[in-house]
Amino acid sequence: MNAMFASMRHYNYRLWFAGALVANVGTWMQRIAQDWLVLTELSDDSGLAVGIVTGLQFAPSVLLSPYAGLLADRIDRRKLLMATQGILGLLAVALGALVLFGHAELWHVYVLATLLGVASAFDAPARQTFVSELVPASGLANAVALNSASFNAARLIGPGAAGLLIALVGPGWVFIINAVSFAATIFVMAIMRTAELHVSPRIARAKGQLRAGMAYVRHRSDIMMIMIVVFVVGGLGLNFQLTSAVMARIEFGKDASEYGILGSILAIGSLAGALLAARRKQPRVRSVIAAAALFGVFSGLMSLAPTYELFALACIPVGFFSITMLTTANAAIQIGTDPAIRGRVMSLYVVVLFAGNPIGSPFVGWVAEAWGPRWSIGIGAIASVLVAAAAALWAHRNWQIEVSYRLRRHPHLILTNAEERAARERARVEVASQQATDGGQAA
């Protein structure tokens, strides 16, 4: 099995990948159905209402994820995930029943989106860090990237399927299907070989553990930079459900199935980005910054697309660079963090990733109503380019970044910081010393 799919050698990871793929398809179907329900049936084509639902869904993560991360460091993550996945399934059943029986109102969606956010707040840190228990430490980067590939393979299937089902049977049944999909994840975790899990040591309850996680991040400039870039891009740029919905319906006059197709096309680029990341052994901060900048550039081009077809085509590079940024950020933080504190650090990453949504999504929805759908994408494109430029400038000044160009079979730029140059020099000296020793022995 080649390097791209190295994690598939492990039985528990194969189970996880299959279960997560099914659950992710259901999740993407629900996202599409929920936004379409709010936009077309529960409001008067209100981008703001869709933005509020998105914001409510992510707001609890800002408040609860630090505690959820601490919980993930203390207890069995597999059992915690089985509980959260079950709750998420019950909430999907509740929304589906309200819609099918004709009782759904906008405030119902607001309440259920908030409860979904609460369950997701406890699910996300455990899910992010549970991957490290499925493979050896050397395979973590590959496992994280394949996780992302699963998520985006589901995005390739889910939105299109949701669009067709909405048109055929309505959004209610989509929510019920999503509820059933969570059973797949619960089932595969129940049949895992627990003896083969690479379980991190659980920490005992003590005072100051949340502060310890925050202090750890505060003193790591690389993690801080990743989080700042992800916060800005995530809050203003990664609002695809909202921006695609208003562009499809308002700008191009399309229906639910064509809106769903946009999500699937976006997933083509996202899946390619995730699979490419799976081949990368060492995720770096510079890759996060470069991906954020290119995401902004292609988002700007997408906002200017004159036709639905060109807009759909532009979704591919936008999806590619967005997932490259997120997958590299996730892997870089997990690999560079002490396993004993990984749950708390990843919970802070989840906070940062989601913190922009409660503010950013309603704001982007307001921009769509006040300035037009194209500006709802354009504002995120501008913000992404600016934060990437600021991060690159700060790194150049504070990390002593040097840029060189290698002219060989595959010409490329090389960026190195002071620490990497020092390590390279130590390696050169060690090789020269060993060669001198070997030469003396031969003489």
Side-chain angles (χ1 to χ4, degrees), residues 16 19-35 38 50-73 75 77-96 108-131 144 147-148 150-152 154-155 158 174-175 178-186 189 230-231 234-235 238-242 326 330 343-362:
W16 169 261
L21 180 62
V22 173
N24 286 332
V25 169
T27 297
W28 277 111
M29 290 173 65
Q30 169 143 338
R31 288 186 180 186
I32 297 298
Q34 179 178 274
D35 289 348
V38 171
V50 177
I52 290 173
V53 170
T54 303
L56 290 173
Q57 194 164 312
F58 290 109
S61 293
V62 179
L63 300 174
L64 299 176
S65 282
Y67 300 96
L70 182 56
L71 193 64
D73 281 337
I75 69 173
R77 292 166 183 162
R78 185 176 67 95
K79 292 180 180 178
L80 177 59
L81 282 169
M82 291 172 74
T84 56
Q85 293 286 295
I87 294 169
L88 290 168
L90 290 174
L91 291 171
V93 168
L95 182 55
H108 291 142
V109 181
Y110 286 165
V111 171
L112 288 170
T114 303
L115 294 175
L116 184 71
V118 172
S120 296
F122 286 92
D123 182 83
R127 181 163 33 83
Q128 298 270 10
T129 53
F130 184 60
V131 179
V144 169
N147 246 30
S148 181
S150 167
F151 187 72
N152 287 286
R155 183 192 280 184
V174 177
F175 302 135
N178 179 45
V180 175
S181 74
F182 284 110
T185 307
I186 296 172
M189 285 191 288
V230 168
F231 173 78
L238 302 182
N239 292 286
F240 300 130
Q241 288 78 30
L242 165 59
L326 293 176
N330 187 314
R344 281 163 284 173
V345 172
M346 290 307 297
S347 73
L348 293 175
Y349 172 73
V350 170
V351 169
V352 168
L353 178 61
F354 291 159
N357 290 98
I359 300 171
S361 293

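Predicted model only: the values in this text are computed from it and were never measured.
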All side-chain contact (heavy atoms from CB on, under 4.5 Å) counterparts of [X], not counting sequence neighbours:
X	value
Q57	Q34, A113, L116
V111	W107, L115
A94	L112
T27	R31, N178, F182

Suppose we screen for side-chain hydrogen bond (donor to acceptor under 3.5 Å, both in side chains). Which residues come up paired with [X], at least two apart in sequence or across chains?
X	value
D35	none
W16	N147
R78	none

Could you give the distance from [atom1] ([X]) to [atom2] ([Y]), rounded to the nearest 0.5 Å?
X	Y	atom1	atom2	result
F122	T84	CZ	OG1	10.0 Å
L326	L238	CG	CG	5.5 Å
L80	M82	CG	CE	11.0 Å
T185	Q85	OG1	CD	4.5 Å
I75	L71	CD1	CG	4.0 Å
N330	Y349	CG	OH	5.5 Å

So do V352 and L348 actually touch side chain to side chain, heavy atoms under 4.5 Å?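 With C-beta onward as the side chain, the pair stays apart.
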Please name the pair of heavy atoms, one in [X] and one in [Y], separated by the smallest distance, quoted to 0.1 Å.
X	Y	result
M29	V174	O-CG1, 3.3 Å
P60	A121	O-CB, 4.0 Å
G158	W28	CA-CB, 4.1 Å
G26	S181	CA-OG, 3.7 Å

Main-chain N/O of A20 paired to N24 side chain as donor or acceptor, under 3.5 Å: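 Present.
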May I ask you to decide if A126's main-chain N or O and R77's side chain share a donor-acceptor pair within less than 3.5 Å?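 No, because the side chain of R77 does not come within donor-acceptor range (under 3.5 Å) of the backbone of A126.
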May I have all residue pairs that pass salt bridge (Lys or Arg N to Asp or Glu O under 4.0 Å) and include part of residues 54-68, sequence neighbours excluded?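 Applying salt bridge (Lys or Arg N to Asp or Glu O under 4.0 Å) to every pair that reaches into residues 54-68, excluding sequence neighbours, yields nothing.
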Return yes when atom OH of Y67 has more than 12 non-hydrogen atoms of other residues, nucleotides or ligands closer than 6.0 Å, and no otherwise.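 For Y67, atom OH is not crowded (no more than 12 foreign heavy atoms under 6.0 Å).
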Can you list the residues that meet the salt bridge (charged side-chain N to carboxylate O under 4.0 Å, His left out) rule with R127, with sequence neighbours excluded?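 R127 satisfies salt bridge (charged side-chain N to carboxylate O under 4.0 Å, His left out) with D123 once adjacent residues are dropped.
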Take L88 and S120 through the test side chain to side chain contact (heavy atoms under 4.5 Å, CB included) and record every step on the way to the result. CA-CA 8 Å; L88 290 168; S120 296; 3.7 Å; yes
